[in-house]
2 protein chains.
Amino acid sequence: MADINFSNPLPSADSRPTQARPAPAGEANLRWDIIELLFFAYRDFVGDADHELEAFGFGRAHHRVMHFVCRYPGLKVADLLDVLRITKQSLGRVLKQLLDEGYIVQKTGNNDRRQRLLYATAKGEALVAKLATLQTRRIDRALEGIGLAGADTVRRFLRAMIDREDPDKVLETIFNAPNPKE
Amino acid sequence: MADINFSNPLPSADSRPTQARPAPAGEANLRWDIIELLFFAYRDFVGDADHELEAFGFGRAHHRVMHFVCRYPGLKVADLLDVLRITKQSLGRVLKQLLDEGYIVQKTGNNDRRQRLLYATAKGEALVAKLATLQTRRIDRALEGIGLAGADTVRRFLRAMIDREDPDKVLETIFNAPNPKE
DNA sequence: AAGAAACGTCAATATGGCTGACATAAATTT
DNA sequence: AAATTTATGTCAGCCATATTGACGTTTCTT
């Protein structure tokens, strides 16, 4: 607590515009800018969906489940747990609601009858598409000035931000997918 | 629920590798790839900090508060509420812990003595720096193959993902900041 | 027949959001 | 000077979503 210089407060500290604290000499080059941009970008990105979900009485948890079930039809419950990194008890409640309200259906596995393969209904697909449309609008707007090569750079960056060890089934699919041409 | 083709299940549906559902004809071009990459990238990005925070008995909420107080010293409580988009009651609980445990201090405003300007202590700064270091490591790794121009593209993309209307004090600072040269 | 696996569920608990109401001190307006 | 508004704090309770641990059923594997 020694080197914080507010013991002798700056004159009119609260009338100056807010400024990011300059990096002290000893501090390694930290990516403050990208760290904060990620925070705000993600906040507004999920905000799009959050707002719409309210009208359905759903939360983020429901969205995540529906999204991945819709995108990867036939996902097992265990797969979903891996992807979402939550416990089956947590998933249980949310999944039950989505089943009861007809957004998702279960189907017993053919090979292994213990499995409950998950599929989105048309109702579920419609909602997921609606949410994805909102988010796509934001992404398109953000990519606008950046060009095709830029979009690819963004994709490469995001991919590289993801842990590669012990990838779940969905991530494996994503990593193996060819980078789209746009 | 008519056009989902699992009424006549595909042979050995659960032995095939997981595949992303191909986009139906009627569906607009949705950015499924970037939507999912953002999900996983952010999940792992905040995971770095989450893991470390456990050792301190703190959660994500504490991190967010400490981070912005540390980065924008002298932030008012009201500013923080704008940035985090939570209620003062929610902030209150978390902030009280951080004050009690000596990660943050308050200082009465000079111009307006109602205000409580927030500052991180050395202890607080150390923790924030530690967490930022972890996240910076991940970002650096992700930017590695992308080059300087690529890093700038990523920054531009993330900036453009953020809502511009009604920016809070911190966001204004970020938007007005010159793009760093790397 | 025994064990393991996939899933479901009950119970209890924690975190971090929320709303509404109310209190205080200080600034501002009348 | 009095009234009002602003910035903040706080009490009480609710809700959503996460957790752990335990136990049960069905089904597959050995």
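Every heavy atom of this structure was used, including side-chain atoms; hydrogens, water molecules and symmetry mates were not. Order of the sequence lines sets the chain letters (A, B, ...), proteins ahead of strands, with each chain counted from 1.
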Whether the side chain of A:Arg31 engages the backbone of A:Glu36 through a donor-acceptor N/O pair (distance < 3.5 Å, no angle test) should be reported.
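It does not hold such a pair.
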Touch check for A:Lys96, heavy atoms < 4.0 angstrom, all strands: base, sugar-phosphate only, or nothing?
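Touches nothing.
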Separation of [N] [atom2] from [X] [atom1] (nearest whole Å):
X	N	atom1	atom2	result
B:Lys76	D:dT6	NZ	P	12 Å
B:Leu84	C:dT15	CG	C1'	16 Å
B:Lys88	C:dT24	NZ	P	14 Å
B:Leu81	D:dT10	CG	P	14 Å
B:Gln115	D:dT5	CD	C1'	14 Å
B:Asp79	D:dT6	CG	C1'	14 Å
B:Arg93	D:dC14	CZ	C1'	12 Å
A:Lys169	C:dA6	NZ	P	11 Å

Any side-chain N or O of A:Ser90 under 4.0 Å from OP1/OP2 of D:dT17?
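False: A:Ser90 side-chain N/O out of range (4.0 Å or more) of D:dT17 OP1/OP2.
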Hey, is the side chain of A:Thr87 poking within less than 4.0 Å of OP1 or OP2 on D:dA18, counting only N and O atoms?
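For A:Thr87, the contact criterion (side-chain N or O under 4.0 Å from OP1 or OP2 of D:dA18) is not met.
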Output the distance between atom CG (B:Asp140) and atom CG (A:Leu30), rounded to the nearest 0.5 Å.
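B:Asp140 CG to A:Leu30 CG: 9.0 Å, rounded to 0.5 Å.
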Rounded to the nearest 0.5 Å, how far does CG of B:Leu117 lie from NZ of B:Lys107?
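If we round to the nearest 0.5 Å, B:Lys107:NZ and B:Leu117:CG are 6.5 Å apart.
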Flag the pair A:Phe45 / B:Tyr42 as yes when their ring centroid distance falls below 6.0 Å, and as no otherwise.
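Ring centres of B:Tyr42 and A:Phe45 not closer than 6.0 Å.
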For B:Phe39, what residues pass the ring-ring contact (aromatic ring centres under 6.0 Å, His included) criterion, not counting sequence neighbours?
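Only A:Phe68 meet the ring-ring contact (aromatic ring centres under 6.0 Å, His included) criterion with B:Phe39.
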According to ring-ring contact (aromatic ring centres under 6.0 Å, His included), who are the partners of A:His63, at least two apart in sequence or on a separate chain?
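For A:His63 there are no ring-ring contact (aromatic ring centres under 6.0 Å, His included) partners, ignoring immediate neighbours.
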Enumerate the residue pairs fulfilling salt bridge (charged side-chain N to carboxylate O under 4.0 Å, His left out) with a member in residues 84-93 of chain A, sequence neighbours excluded, ordered by first and then second residue.
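As it turns out, the salt bridge (charged side-chain N to carboxylate O under 4.0 Å, His left out) pairs with a partner in residues 84-93 of chain A, which skip direct neighbours, are A:Arg85-B:Asp44.
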Partners passing salt bridge (Lys or Arg N to Asp or Glu O under 4.0 Å) against B:Arg60 (at least two apart in sequence or in another chain):
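Partners of B:Arg60 by the salt bridge (Lys or Arg N to Asp or Glu O under 4.0 Å) criterion, ordered by chain and then number, come out as B:Asp50.
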Classify the side chain of A:Arg85 and the base of D:dA18 as holding, or not holding, a donor-acceptor pair under 3.5 Å.
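Side chain to base: no pair present.
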Does a distance-only test, which skips hydrogens and angles, find a donor-acceptor pair under 3.5 Å between the side chain of B:Gln106 and the base of D:dG9?
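A donor-acceptor contact between them is absent.
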Just compare C:dT19, C:dC10, D:dG9 and give me whichever is closest to any side-chain atom of B:Gln89.
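Of the candidates, C:dT19 comes closest.
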Do nucleotides 25-30 of chain D as a string where each nucleotide becomes B, S or -: B if the base has a protein heavy atom under 4.0 Å, S if just the sugar-phosphate does, - if no protein is that close.
-BBS--
Do NZ/NE/NH1/NH2 and the carboxylate oxygens of B:Arg138 and B:Asp48 come within less than 4.0 Å?
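A salt bridge links B:Arg138 with B:Asp48.
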Is there a residue in residues 40-64 of chain A whose heavy atoms reach under 4.0 Å of DNA chain D, and which residues are they?
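Heavy-atom cutoff 4.0 Å gives A:Gly59, A:Arg60, A:Ala61, A:His62, A:Arg64.
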